[in-house]
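Each remark here refers to the structure printed beneath this line.
Numbered from 1 within each chain, the chains take letters A, B, ... in sequence-line order.
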There are 2 protein chains.
Amino acid sequence: MAQGSARSEAKRAQIRHGATRVFLAEGFAGATTDAIAKAAGVSKQTLYVYYRSKEQLMVDVLGSLLARLNRDHAVLEGERSVDSLPALRATLVELASEVLEAVSGSDYLALARVIIADSPRVPEIGRLWAQTITGGIRLVVAGLLERAREAGVVVVDDVEAATRLLTGGLLTYVLPDGIVAVDGPVAAPDRERVERIVDMFLRAIT
Amino acid sequence: MAQGSARSEAKRAQIRHGATRVFLAEGFAGATTDAIAKAAGVSKQTLYVYYRSKEQLMVDVLGSLLARLNRDHAVLEGERSVDSLPALRATLVELASEVLEAVSGSDYLALARVIIADSPRVPEIGRLWAQTITGGIRLVVAGLLERAREAGVVVVDDVEAATRLLTGGLLTYVLPDGIVAVDGPVAAPDRERVERIVDMFLRAIT
DNA sequence: TCCAAACCGTACTGTTCAGTTTGATTCTGC
DNA sequence: GCAGAATCAAACTGAACAGTACGGTTTGGA
């Protein structure tokens with residue numbers, strides 16, 4: 001049954017992919033199993049062979065999305081220079097731009113909307129979100145600030161507070177602003193504004 | 001019909017009050033009209049005399065909550081001294097503490113959850129939220145910073161960016177952290193941490 | 001070529017729920 | 001008290017939908 005298992009995994013991915021589109025577009029309550037089966041190109045019967053219930057399917061979908069986002073964010077950590085103030089500035093601006101672009105995408109916002117809405121019903125997903133995604137970004141920033149502090153580039157006694165200040169100041173464009181702005185594009189800050197915010201932040205810790 | 005109208009308004013408020021509890025606890029999809037009628041101490045029939053549909057009822061409930069929050073926030077604007085750096089600092093710390101306390105309440109978080117979840121379906125509520133609540137807080141802070149700038153207490157060229165930095169840095173404890181933390185209390189920052197964040201922020205604009 | 005497993009489409013079941021209907025009961029002003 | 005309005009409780013209707021049953025079709029290995 002080695003092949004059977006491999007084929008099963010492919011089908012499972014196919015179902016997950018279709019379900020992802022429907023869940024992100026319609027939310028949990030709005031997504032019907034008929035629509036999911038159709039979007040996945042699969043009969044409803046097959047869907048219930050692979051997943052015990054609609055709820056379990058959603059947990060798998062959200063978990064997979066979070067895992068992928070988490071892998072993407074891990075990449076952000078890479079080699080970033082913080083040895084001098086100009087280097088730290090460039091690093092922060094670059095990182096902020098990347099994160100903001102990723103996080104302003106309609107997929108990310110839809111995911112956030114679904115997770116926030118259903119976190120009372122599926123608490124572990126909410127916890128996963130807080131610990132991996134938003135927490136993950138903060139971890140990267142905190143790591144950079146820590147290294148910059150050790151290098152004597154900045155003076156900051158409370159790294160956690162400083163991290164909050166920067167990430168919060170930037171992400172406020174997305175959350176709460178973007179998440180309720182359904183019509184029209186999300187007003188993510190342009191690069192110039194990001195630079196001004198980073199500069200202002202740096203003035204606080206130098 | 002003056003009395004009839006008055007009595008109608010009382011009943012309407014009674015229904016709205018009961019519906020508020022159910023909507024905040026269960027969300028739109030989870031709230032049944034039977035539960036709302038029971039919570040309001042009203043027959044379902046009467047409910048449909050006062051409101052054409054469940055959706056219209058929710059719009060009224062959310063609109064009323066937002067209007068009340070908005071009135072509360074208007075109070076925050078009051079007379080605040082920004083004539084000197086210590087005065088500005090005290091003002092900001094005080095304001096931040098008040099806002100954070102209000103915004104960490106489970107009612108506020110439940111409201112935010114409902115609005116975020118249903119903003120795709122009822123866009124005007126999302127817009128109202130963005131413009132009045134979060135936008136309102138920013139307006140107050142921006143006003144304070146503007147006055148402080150004119151008084152020569154601080155140096156800030158981009159008031160909007162500075163406002164984002166402070167409010168974002170503080171509200172990040174609530175959104176996204178608090179909103180997905182269903183179990184356990186929200187980890188709102190204590191006063192000491194608020195002071196550290198404000199101090200750090202002030203260093204950026206002095 | 002054959003067989004068995006996987007899959008498909010469709011129709012069905014049981015339930016939940018918004019909104020309505022009915023018919024009785026309680027207020028309110030006069 | 002007494003009309004007339006407002007309200008109540010409970011049953012009903014119709015639609016939506018999660019999950020299942022069924023009978024036919026494809027697929028892939030021996």
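DNA chain D lies under 4.0 Å from at least one heavy atom of each of the following residues of residues 29-36 of chain A: A/Ala31, A/Thr32, A/Thr33.
The phosphate of D/dT7 (OP1 or OP2) has a side-chain N or O of B/Tyr50 nearer than 4.0 angstrom.
Following rounding to the nearest Å, A/Arg52 (CZ) and D/dT20 (C1') show an atom-to-atom distance of 16 Å. A straight line from CD of A/Gln56 to C1' of D/dG19 spans 14 Å, rounded to a whole angstrom.
Between A/Glu146 and A/Arg149, at least one side-chain nitrogen of the basic residue sits less than 4.0 Å from a carboxylate oxygen of the acidic one, meeting the salt-bridge criterion. Ion pair A/Glu150/A/Arg147 not flagged as a salt bridge, since none of the NZ, NE, NH1 or NH2 atoms sits closer than 4.0 Å to an Asp/Glu carboxylate oxygen.
Partners of B/Arg203 according to the salt bridge (charged side-chain N to carboxylate O under 4.0 Å, His left out) rule, which considers only residues two or more places apart in sequence or in another chain, do not exist here.
Atom CD1 of A/Ile125 is separated from atom OG of A/Ser119 by 10.5 Å, given to the nearest 0.5 angstrom.
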A/Glu94 vs A/Arg80, test: side chain to side chain contact (heavy atoms under 4.5 Å, CB included). Steps then yes/no. CA-CA 10 Å; A/Glu94 189 59 33; A/Arg80 307 266 189 177; 3.8 Å; yes

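Applying the salt bridge (charged side-chain N to carboxylate O under 4.0 Å, His left out) test to pairs two or more places apart or on separate chains, those with a residue in residues 169-179 of chain B are A/Arg138-B/Asp177, A/Arg164-B/Asp177. Residue pairs that meet the ring-ring contact (aromatic ring centres under 6.0 Å, His included) test with at least one member in residues 105-136 of chain A, sequence neighbours left out, are A/Tyr108-A/Trp129. For residues 52-61 of chain B, the set of pairs meeting the side chain to side chain donor-acceptor pair (under 3.5 Å) definition, not counting sequence neighbours, comprises B/Arg16-B/Asp60, B/Tyr51-B/Asp60, B/Glu55-B/Arg121.
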Please encode protein proximity along nucleotides 8-15 of chain D as a string of B, S and -, counting only heavy-atom distances under 4.0 Å. BB------

